[in-house]
Amino acid sequence: MLRAGGLVAFPTETVYGLGVDAFDPAAVARAFAAKGRPADNPLIVHLADAGELPRVVASITPLARRLAATFWPGPLTLVLAAVDTVPPATTGGLTTVAVRVPDHPVAAALLTLADLPVAAPSANRSGRPSPTTAEHVAADLGTEVDVILDGGPCPVGVESTVVDARGERPVVLREGTITREDLGLRADGSEPGPAADVAASPGTRYRHYAPRCGVELAPAGGGPAHARRLVATGARVGLVAADPAPAGVVPIATVRDVPQLAQRLYAALRDAELAAVDVLVVESVPEVGLGRAVMDRLRRAAGG
Ligand code: TXA
Ligand code: MG
């Protein structure tokens, strides 16, 4: 199906991707149209292993070699200089290309069998929460996609960390599970030197992850109290918190730690919609490690 120019949704460790042949501009255009995605927002090209890099990357920097050896397969995307045969449709007209090797048995089998670099944005309608189950993909793109490979819920739940790896030090363009600390950077993002002013990845400009209900952040441990106050105003309120929902509040998810919140976050946004709540209250987590990526996605869901 990929070789024929089709759209194949597949699970990765982070979220489901909407896969197309990265070298087929017509297929890439179909993926953009299916998602309703702005054309200037480039795609991540997925590879079976790091040995495939020369198919899409013109110059593999020592930093890229090091990061690939440490984190692949895994949720780290490297932005590098593209070979000039990668279609502008895939790169959004940039001279760079984003690449990663996903850590999921279904993705690995697909990439190996197809023997193609596979461009894959997250398999949601543009602006919607990213899909972490095959059902989420079907709900957003069921009529557009040719095949959905169902691998069950994605284990990580938030998208890969995107890093510019062209220089000597990684520059984080999108936060993810591979944290600044993992990359040997300062946790607060205050790196010294010239790399700091590099533009964020184009996709982070757009409003994202927005469910069709309100989203409000509560302080850590303050979710149930915040939810009860909203209920008192007559609202139908859902809760994602460490403690169970009190009476009168719709339970959406009880999460014991940050990795579990990350894994369930997008499903919780969609479940809150299906439960027809007016507002979903989510407890904040400390902005260190994976907590930075989770809070980034939550603020976007809450409308900035
Ligand atoms: O975990 C993930 O990364 C998932 C799975 C399916 O691999 N994919 C994903 O794709 O999140 P998407 O299209 O939703 O997000 C890709 C991000 C966007 O923010 C985009 O702007 C950025 O990567 N990006 C792609 N190519 C880029 C480039 N050449 N330079 C800078 N940012 C780039
Ligand atoms: Mg996306």
Side-chain angles (χ1 to χ4, degrees), residues 7-20 22 28 31-32 34-47 56-58 64 71-83 86-104 106-108 110-111 117-132 134 136-137 140-141 148-149 151 154-166 170-178 198-210 262-263 266 293 296-297 300-301:
L7 271 54
V8 177
F10 62 97
T12 77
E13 76 278 39
T14 58
V15 302
Y16 276 72
L18 178 62
V20 291
V28 173
F32 274 88
K35 280 181 62 81
R37 180 178 177 109
D40 66 347
N41 190 6
L43 306 184
I44 295 171
V45 176
H46 296 68
L47 304 174
V56 288
V57 167
F71 296 107
W72 284 356
L76 182 70
T77 294
L78 303 179
V79 171
L80 291 163
V83 296
V86 181
T90 300
T91 62
L94 301 175
T95 57
T96 55
V97 63
V99 286
R100 86 176 186 100
V101 175
D103 185 16
H104 191 289
V106 176
L110 176 70
L111 292 165
V118 171
S122 51
N124 52 287
R125 289 277 309 165
S126 201
R128 302 269 303 137
S130 294
T132 54
H136 297 162
V137 179
D140 276 20
L141 300 173
I148 301 174
L149 296 175
C154 299
V156 171
V158 296
E159 302 87 343
S160 62
T161 307
V162 180
V163 158
D164 187 336
R166 289 174 296 166
V171 177
V172 176
L173 306 180
R174 181 177 71 182
E175 310 269 354
T177 348
I178 308 281
V198 172
S201 93
T204 59
R205 280 199 301 270
Y206 302 103
R207 188 178 149 115
H208 265 74
Y209 319 122
Q263 201 262 327
Y266 291 137
D296 167 68
R297 305 313 194 267
R300 289 165 190 280

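Every number for a ligand or one of its atoms is a count from 1 in the order of the listing. Residues: numbered from 1 along the sequence shown.
- Residue E159 has no nitrogen or oxygen atom sitting less than 3.5 Å from a nitrogen or oxygen atom of ligand 1, judged on distance alone.
- Between atom CG of residue L47 and atom CZ of residue R100 there is a gap of 10.5 Å, rounded to the nearest 0.5 Å.
- Considering each of V15, V97, L78, T12, the one bringing a non-hydrogen atom nearest atom 4 (C) of ligand 1 is V15.
- Using modelled atom types, one side-chain atom of R125 and one backbone atom of A34 make a donor-acceptor pair closer than 3.5 Å.
- Between the Y16 side chain and the C154 main chain, no donor and acceptor come within less than 3.5 Å of each other.
- By heavy-atom distance, the residue among T91, D40, I44 lying nearest atom 16 (C) of ligand 1 is I44.
- Taking OG1 from T14 and CG from L76, the interatomic distance works out to 11.5 Å, rounded to the nearest 0.5 Å.
- Counting heavy atoms closer than 4.0 Å to ligand 1, residue T14 contributes side-chain atoms (C-beta onward) but none from N, CA, C or O.
- If you look at D164 next to ligand 1, there are no close heavy atoms at all, none under 4.0 Å.
- Those atoms of ligand 1 that come under 4.0 Å of a heavy atom in T96, given as number and element, are 28 (C), 29 (N), 30 (N).
- E159 and S122 form no side-chain donor-acceptor contact under 3.5 Å, judged by distance and modelled atom types alone.
- Distance alone, capped at 3.5 Å, places no donor-acceptor pair between the S160 side chain and the P75 backbone.
- Against a heavy-atom cut-off of under 4.0 Å, H46 is close to the following atoms of ligand 1: 5 (C), 6 (C), 7 (O).
- With a 4.0 Å heavy-atom cut-off, ligand 1 is reached by the side chain of R37 but not by its N, CA, C or O.
- The backbone N or O of A123 sits nowhere less than 3.5 Å from a side-chain atom of K35 that would complete a donor-acceptor pair.
- Taking backbone and side chain together, S126 holds no N, O or S atom under 2.8 Å from the Mg ion (ligand 2).
- At a 4.0 Å cut-off, not a single heavy atom of E13 sits close enough to ligand 1 to count as contact.
- Each of the atoms 18 (C), 20 (C), 21 (O) of ligand 1 lies under 4.0 Å from some heavy atom of N41.
- Atoms CG and OG1, on D103 and T12 in that order, are 9.5 Å from each other to the nearest 0.5 Å.
- Near S122, with a cut-off below 4.0 Å to any heavy atom, the atoms of ligand 1 are 9 (C), 10 (O), 12 (P), 13 (O), 14 (O).
- For the atom pair OG1 (T77) and CG (L173), the distance works out to 10.0 Å, reported to the nearest 0.5 Å.
- Residue contacts with ligand 1 include L94, since one or more of its heavy atoms lies under 4.0 Å from the ligand.
- Taking any N or O of K35, backbone or side chain, none lies under 3.5 Å from an N or O belonging to ligand 1.
- In this structure, of S160, A120, G17, the residue bringing a heavy atom nearest to atom 8 (N) of ligand 1 is A120.
- Separation of atoms OG1 (T96) and CG (L78) is listed at 12.0 Å; rounding is to 0.5 Å.
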